[in-house]
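Step one of this worksheet: look at the structure below.
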Amino acid sequence: MSLLHDTFRRLDLSRLPTPCYVVDEALLERNLQLLAHVQAESGAKVLLALKGFAMFHFAPLISRYLSGVCASGLHEAKLGREFFSGEVHTFSAAYPPADMDEVLALSDHVIFNSCNQWERFRAQALAAAKRKPLHFGLRINPQQSEGAVAIYDPSAPGSRLGVIRGQLRPESLTGITGLHFHNLCEQDVAPLRRTLAAVERQFGDILPQMQWVNFGGGHHVTREGYAVEELIALIRAFRERWGVEVFIEPGEAVALGTGVYVTEVLDVIWNHLNIAVIDGSCTAHLPDVLEMPYRPDVLGGAMPHERPYTYRIGGLTCLAGDIIGDYSFAEPLEVGKRLMFMDMSHYTMVKTNTFNGVKLPAIVAWDSRTDALTTVREFGYEDFKMRLS
């Protein structure tokens with residue numbers, strides 16, 4: 001992430017409210033241009049996965065480059081239709097019946113996770129399709145484990161995501177025009193190639209009946225070193241082989257390497273080691289750090305004991321495990337020092353919570369080309385209260 005580091009070294013942190021997320025419009029547009037290249041050269045349609053990045057402040061910019069959004073249920077579908085142009089594709093592991101009319105009204109593609117769900121809603125869906133253009137798909141599970149972390153492996157035994165071939169009933173395909181799979185997580189082309197081989201091996205007899213196939217997300221297209229041209233060739237070959245339209249749904253790749261999380265040191269204490277308590281929280285603001293788990297970079301920070309002053313950095317909640325990690329610095333950390341955690345646009349804003357009544361981070365848009373900075377939104381007590389009763 002050298003470009004991210006080099007870019008954000010120029011940001012004056014004293015201009016920011018803390019804690020906050022800052023997204024650089026220039027870096028975001030750079031990613032979008034690469035994804036637009038993939039779209040143009042491969043013939044696939046690229047959709048923003050709102051579950052990974054839903055900063056609708058940038059919806060006009062994103063809509064200039066991508067073909068639409070994919071949603072994980074009613075509320076994301078509403079957001080997609082309200083702020084973004086292009087198509088809205090909606091998938092849910094199970095749709096509440098009360099949501100279905102609105103989901104059908106908002107969406108262009110609706111994807112069902114099981115034969116049971118499709119059969120339950122088929123009549124309602126086909127009736128809606130008489131009123132507007134609608135496409136219906138079925139999520140399949142190729143049972144091709146590629147995820148390194150079990151919690152992110154949709155093909156793991158016992159997964160609830162997608163229909164395995166042995167459970168696919170031929171009569172359930174009536175009204176279905178496409179297939180969807182999502183099997184990757186932060187991965188390159190080789191796992192996708194193996195996944196496609198598994199899909200073709202197990203579902204090849206069904207593919208000639210389909211009009212489209214959605215490759216889902218997890219494609220780390222904008223990561224340095226990603227085999228972009230290989231992806232383009234793979235998509236083109238699949239489209240030609242099966243005569244289908246292809247969609248991909250990168251969420252993380254849209255926002256990868258575009259933003260940071262900025263906090264301020266509130267206190268420094270000692271208990272077998274130096275501990276810096278910040279005005280943010282790992283569990284409330286950076287939950288993927290604990291779920292994945294992973295250790296985010298800090299601008300100016302290094303591995304423990306690599307530099308003269310080592311600190312454990314933790315949040316201000318009561319959770320003992322609210323710890324981001326151990327870092328070393330060239331200079332001592334003092335109260336008031338601002339810290340910048342790198343690559344924090346994706347899977348942060350969409351996952352924040354108000355545990356302990358902790359203030360949600362402000363959302364800031366910055367353009368490194370002009371140094372223009374806008375605090376898009378700040379949060380307070382009302383945002384905490386409205387989630388309770």
Side-chain angles (χ1 to χ4, degrees), residues 27-53 61-71 80 84-91 108-109 111 135 137-140 142 144 146 154 177-201 203-204 206-258 346:
L27 293 177
L28 178 61
E29 187 164 17
R30 183 175 182 269
N31 282 354
L32 292 168
Q33 289 168 344
L34 177 56
L35 291 167
H37 167 73
V38 170
Q39 189 167 245
E41 295 301 314
S42 71
K45 289 186 176 180
V46 180
L47 308 173
L48 164 67
L50 292 171
K51 65 184 177 183
F53 182 69
L61 174 66
I62 293 168
S63 296
R64 278 168 42 197
Y65 290 98
L66 304 187
S67 293
V69 302
C70 58
F84 295 81
S85 61
E87 302 177 17
V88 174
H89 293 220
T90 307
F91 162 80
D108 300 289
H109 284 61
I111 300 159
H135 301 274
L138 197 63
R139 177 165 177 165
I140 55 174
Q144 174 71 30
E146 295 290 349
T177 61
L179 300 178
H180 172 282
F181 63 85
H182 182 139
N183 203 46
L184 306 186
C185 178
E186 300 182 347
Q187 289 170 303
D188 212 306
V189 176
L192 175 60
R193 187 181 298 279
R194 293 190 293 268
T195 296
L196 284 177
V199 168
E200 291 176 318
R201 185 169 59 250
F203 300 94
I206 297 170
L207 284 168
Q209 306 172 42
M210 297 298 126
Q211 299 172 16
W212 53 273
V213 176
N214 189 320
F215 288 10
H219 316 283
H220 240 199
V221 182
T222 54
R223 183 185 66 201
E224 185 177 354
Y226 183 92
V228 173
E229 298 308 314
E230 188 178 341
L231 173 67
I232 290 170
L234 192 66
I235 293 172
R236 291 177 68 173
F238 187 91
R239 289 179 56 238
E240 292 167 6
R241 188 157 61 249
W242 297 105
V244 293
E245 185 174 28
V246 169
F247 299 91
I248 63 172
E249 302 177 345
E252 184 165 322
V254 171
L256 188 67
T258 65
H346 54 279

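Quick note: numbers below take in every heavy atom, side chains included, and nothing from hydrogens, waters or symmetry partners.
- In this structure, the separation between CZ on Phe84 and CG on Leu66 is 9.5 Å, given to the nearest 0.5 Å.
- Of all non-hydrogen atoms in Leu47 and Ser67, the two that sit nearest each other are CD2-C, 4.0 Å.
- Listed here is the closest heavy atom pair of Ile235 and Phe215: CG1-CE2, 4.1 Å.
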| request: Carefully, step by step, assess Arg223 and Asp188 under the rule side-chain contact (heavy atoms from CB on, under 4.5 Å). | output: CA-CA 9 Å; Arg223 183 185 66 201; Asp188 212 306; 3.1 Å; yes
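- Considering only residues two or more places apart in sequence or on other chains, Glu87 meets the side chain to side chain contact (heavy atoms under 4.5 Å, CB included) condition with Lys45, His89, Asp108, His109, Phe247.
- In terms of the side-chain hydrogen bond (donor to acceptor under 3.5 Å, both in side chains) criterion, Ser42 has no residue partners (sequence neighbours excluded).
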Check residues 178-185 and write down every donor-acceptor pair under 3.5 Å in which the side-chain atom is one partner and the other belongs to a residue at least two apart or another chain.
from, atom 1, to, atom 2, distance (Å)
His182, ND1, Gly217, N, 3.2
His182, NE2, Leu184, O, 3.4
Asn183, OD1, Ser155, OG, 2.6
Asn183, ND2, Gln144, O, 2.6
Asn183, ND2, Thr195, OG1, 2.9

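- Proximity of a side-chain donor or acceptor of Ser63 to a complementary backbone N or O of Ser85 within less than 3.5 Å is detected.
- Thr222 contributes a side-chain N or O that, together with a main-chain N or O of Ala253, makes up a donor-acceptor pair within less than 3.5 Å.
- Rounding to the nearest 0.5 Å places NE2 of His219 at 10.0 Å from CG of Leu234.
- Few gaps surround CZ on Arg194; more than 12 heavy atoms of other groups in view lie less than 6.0 Å from it.
- Between the OG1 atom in Thr177 and the CD atom in Gln209 there is a gap of 11.5 Å [rounded to 0.5 Å].
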| Derivation of the side-chain contact (heavy atoms from CB on, under 4.5 Å) call for Trp242 and Val213 | CA-CA 10 Å; Trp242 297 105; Val213 176; over 6 Å; no
| said: Apply side-chain contact (heavy atoms from CB on, under 4.5 Å) to residues Val199 and Ile140 and explain how you reach the verdict. | reply: CA-CA 8 Å; Val199 168; Ile140 55 174; 4.0 Å; yes
| Working for side-chain contact (heavy atoms from CB on, under 4.5 Å), residues Asn214 and Phe91 | CA-CA 11 Å; Asn214 189 320; Phe91 162 80; over 6 Å; no
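- With sequence neighbours left out, Arg30 forms a side chain to side chain contact (heavy atoms under 4.5 Å, CB included) with Leu3.
- Of all non-hydrogen atoms in Pro142 and Phe203, the two that sit nearest each other are CA-CE1, 4.4 Å.
- The distance from the CG atom of Leu27 to the CG atom of Leu256 is 10.5 Å, given to the nearest 0.5 Å.
- Taking CZ of Arg193 as the reference point, atom CG of Leu231 lies at 10.0 Å (rounded to 0.5 Å).
- Here the closest non-hydrogen pair linking Val254 and Thr258 is O-CG2, 4.2 Å.
- The line from CG of Leu32 to CD of Gln39 is 10.5 Å long, rounded to the nearest 0.5 Å.
- Taking Gln33 as the reference, Glu29, Tyr65 meet the side chain to side chain contact (heavy atoms under 4.5 Å, CB included) condition, with sequence neighbours excluded.
- Of all non-hydrogen atoms in Ile111 and Trp212, the two that sit nearest each other are CG1-CH2, 3.9 Å.
- When all heavy atoms are compared, the tightest approach of Leu61 to Leu28 is CD2-CD2, 4.0 Å.
- Shown here are the side chain to side chain contact (heavy atoms under 4.5 Å, CB included) partners of Ala233, two or more places apart in sequence or in another chain: there are none.
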